[in-house]
Amino acid sequence: MANITGDGNFTTKLNSVFMDLPVGIAEFFSALNLFLSITASLGNALILIALHNVSIYPPTKLFFRCLAVTDLCVALIVQPLYATFLLSHTTEVSENVVYYVSKSYNVFSWILCGVSLFTSTAISVDRLLALLLGLRYRHVVTLRRVRVAIILFWLISASFGSIRMSGSDVIFILASIIVPLSVGTSIFCYTRIYLGIRHQQTQISNHVSQERTNRGEMPLNISRYKKSVSSISWVQLGLVACYAPFGVVLALYVCDGIENDVAWVATLTLLYFNASLNPIVYCWKIGEVRKAVKDTLRQF
C-alpha cells in the first residue's frame, strides 16, 4: 500500500507522476481544461442569472445557487491553475512557480469539490424531506437553516483545504470515508423517494389520496415532485459519473501502487468537467430553468 501518512510522501509520489506526462498529452489536456473553464464559466453564470426568475422554493433554490457558485469557482480558479500546472512541465518554469501553482489548485480543488459533494447530498436529503414531512416541510426546511448548512459545508471543506495545504495526506483517508458516505446517503434518499412515490400512487389508485390530503398529510403535487426528483437525480448521477473514475484511480494507487499518468490527468479533467455538465443538465431536465436561460440570452 502506498504511504498515506502525514509525511507528505504520497503527495510527492503523486506529483511525480505528472512530471512523466508526455508533452502532447499535457498540452492537449491543458487546452481542454481551458476550453471547459470557459464553457463552465458561461454556463454557470447563466444559471445563476436564470435562477432569479425561477419559481423554486427559496431554500431549495439556495442549494442550487451554492452548487452553481462552486462550479463557477472551479471554472474560474481551479481549471486555469490546473491547465497552467500541466503546461509548466512542458515549458521552462521555475520550481517555485510550479510548486505554488500545484499547491493552489490542490487546495481550491479540495475546498470546492467538497462543497459541491456536500451540497448535492443535501439536495437529495431535501427532496426526501419534502416527501416525508408533508405540510411540516416548509416549517422544518427554512431559508435560515439552509444558510447555516451551507456555511457549515464551506467551513468543513475549508478545513479539508487547510489539511491539504499543510502537506498532510490524511485528507485522502478522510475522503475515502466521506465520499462513499455522501454517495450512500444520496442513494438511500432516492431509493426511499422511489418507494414513497410508489406508495403514494397506490393510495391514489385506491381513492385514499383525497382523504389524506384533507387531513393534511400529502400536500405536494406528486407529478411536479416527480419531475423535480428526476431532475435532481440526473445532477447526482452526473456528479457520480465524473467523480467515480478519479476515485478508482486514486484507490488503485493508494492500495496497490498502480500508476498511470494519463489516467490521473484524464480522470481529474473529467472530475472538473462536472462544472460544465451541471448547467447542461439544468437546462435539459428543468423546464423553468431552460426557459429562464433562453429569456436571459435574448436580452443580450
Side-chain angles (χ1 to χ4, degrees), residues 56-57 59-68 70-71 110 112-143 145-157 159-160 171-204 212 217-248 250-251 270-271 274 277-278 281-282 285-286:
I56 301 175
Y57 182 51
T60 304
K61 184 187 290 190
L62 185 56
F63 278 133
F64 278 108
R65 281 177 173 163
C66 179
L67 199 57
T70 57
D71 288 339
W110 278 97
L112 295 171
C113 291
V115 174
S116 182
L117 183 65
F118 288 139
T119 304
S120 293
T121 304
I123 291 174
S124 63
V125 174
D126 171 73
R127 291 297 81 199
L128 177 59
L129 291 176
L131 178 67
L132 297 180
L133 295 178
L135 287 176
R136 291 183 296 130
Y137 167 73
R138 290 178 178 264
H139 298 288
V140 174
V141 182
T142 63
L143 200 55
R145 288 174 177 172
V146 169
R147 284 172 181 160
V148 171
I150 289 174
I151 291 172
L152 286 175
F153 296 161
W154 279 95
L155 290 176
I156 294 171
S157 299
S159 69
F160 292 165
I171 189 66
F172 294 103
I173 300 175
L174 292 175
S176 67
I177 299 171
I178 292 171
V179 173
L181 184 61
S182 297
V183 174
T185 299
S186 296
I187 292 173
F188 169 79
C189 289
Y190 289 121
T191 303
R192 186 67 180 83
I193 287 170
Y194 172 75
L195 295 175
I197 290 176
R198 285 195 62 182
H199 178 64
Q200 299 281 22
Q201 290 175 330
T202 300
Q203 291 182 330
I204 291 173
R212 290 178 61 84
E217 297 177 11
M218 196 183 70
L220 73 165
N221 184 310
I222 290 297
S223 177
R224 181 182 177 87
Y225 175 76
K226 285 176 66 177
K227 288 181 181 179
S228 72
V229 169
S230 174
S231 304
I232 294 168
S233 65
W234 277 99
V235 174
Q236 191 75 35
L237 285 172
L239 183 141
V240 172
C242 292
Y243 279 56
F246 179 74
V248 171
L250 182 61
L270 180 62
L271 187 149
N274 185 246
L277 181 63
N278 281 339
V281 174
Y282 297 152
K285 299 299 295 183
I286 307 177

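Keep in mind that the numbers below use all heavy atoms, side chains included, and drop hydrogens, waters and symmetry copies.
Formation of a donor-acceptor pair under 3.5 Å by the T70 side chain with backbone atoms of L67 is found in this model. For the pair S157 (side chain) and V115 (backbone), a donor-acceptor distance under 3.5 Å is present. Looking only at distances, a side-chain donor or acceptor of S159 sits under 3.5 Å from a matching main-chain atom of I156. At least one donor-acceptor pair under 3.5 Å links the side chain of S124 to the backbone N or O of T121. Side-chain atoms of R145 come within 3.5 Å of backbone atoms of V140 as a donor-acceptor pair (strictly under, hydrogens ignored).
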CA sep, side-chain torsions, deciding dist, call: I178, F118, side-chain contact (heavy atoms from CB on, under 4.5 Å): CA-CA 9 Å; I178 292 171; F118 288 139; 3.8 Å; yes
Worked verdict on L128 versus Y190 for side-chain contact (heavy atoms from CB on, under 4.5 Å): CA-CA 7 Å; L128 177 59; Y190 289 121; over 6 Å; no
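For L62, the side chain to side chain contact (heavy atoms under 4.5 Å, CB included) partners are L143, V146, R147, I150, not counting sequence neighbours. Scanning for side chain to side chain contact (heavy atoms under 4.5 Å, CB included) contacts around A122 gives F63, F153, with sequence neighbours left out.
The environment of R192 atom CZ is sparse: at most 12 non-hydrogen atoms of other residues, nucleotides or ligands sit within 6.0 angstrom.
Side-chain contact between L133 and R138: absent, with no pair of heavy atoms (C-beta onward) separated by less than 4.5 Å. L112 has its side chain within reach of W154: a pair of non-hydrogen atoms, C-beta onward, lies under 4.5 Å apart. Inter-residue side-chain proximity for L277 and C242 is flagged as met; some heavy-atom pair is nearer than 4.5 Å. Counting heavy atoms from C-beta on, the side chains of Y57 and T60 come closer than 4.5 Å. Using a 4.5 Å heavy-atom threshold, the side chains of Y282 and V235 count as touching. Contact of the L174 side chain with the F160 side chain is registered, since non-hydrogen atoms from C-beta on lie closer than 4.5 Å.
Contact detail for P59 and V141: the closest heavy-atom pair is CG-O, 3.7 Å. S186 and Q236 make their closest contact through OG-NE2, 3.1 Å (heavy atoms, listed as atom of the first residue, atom of the second, distance).
We find the CZ-OG distance between F64 and S120 to be 9.0 Å, quoted to the nearest 0.5 Å. Considering SG of C113 and CG of D71, their distance stands at 9.0 Å, rounded to 0.5 Å. Interatomic distance, OH of Y243 versus CG of L271, reported as 5.0 Å (0.5 Å rounding).
A donor and an acceptor atom, one from each side chain of D126 and Y137, are located under 3.5 Å apart.
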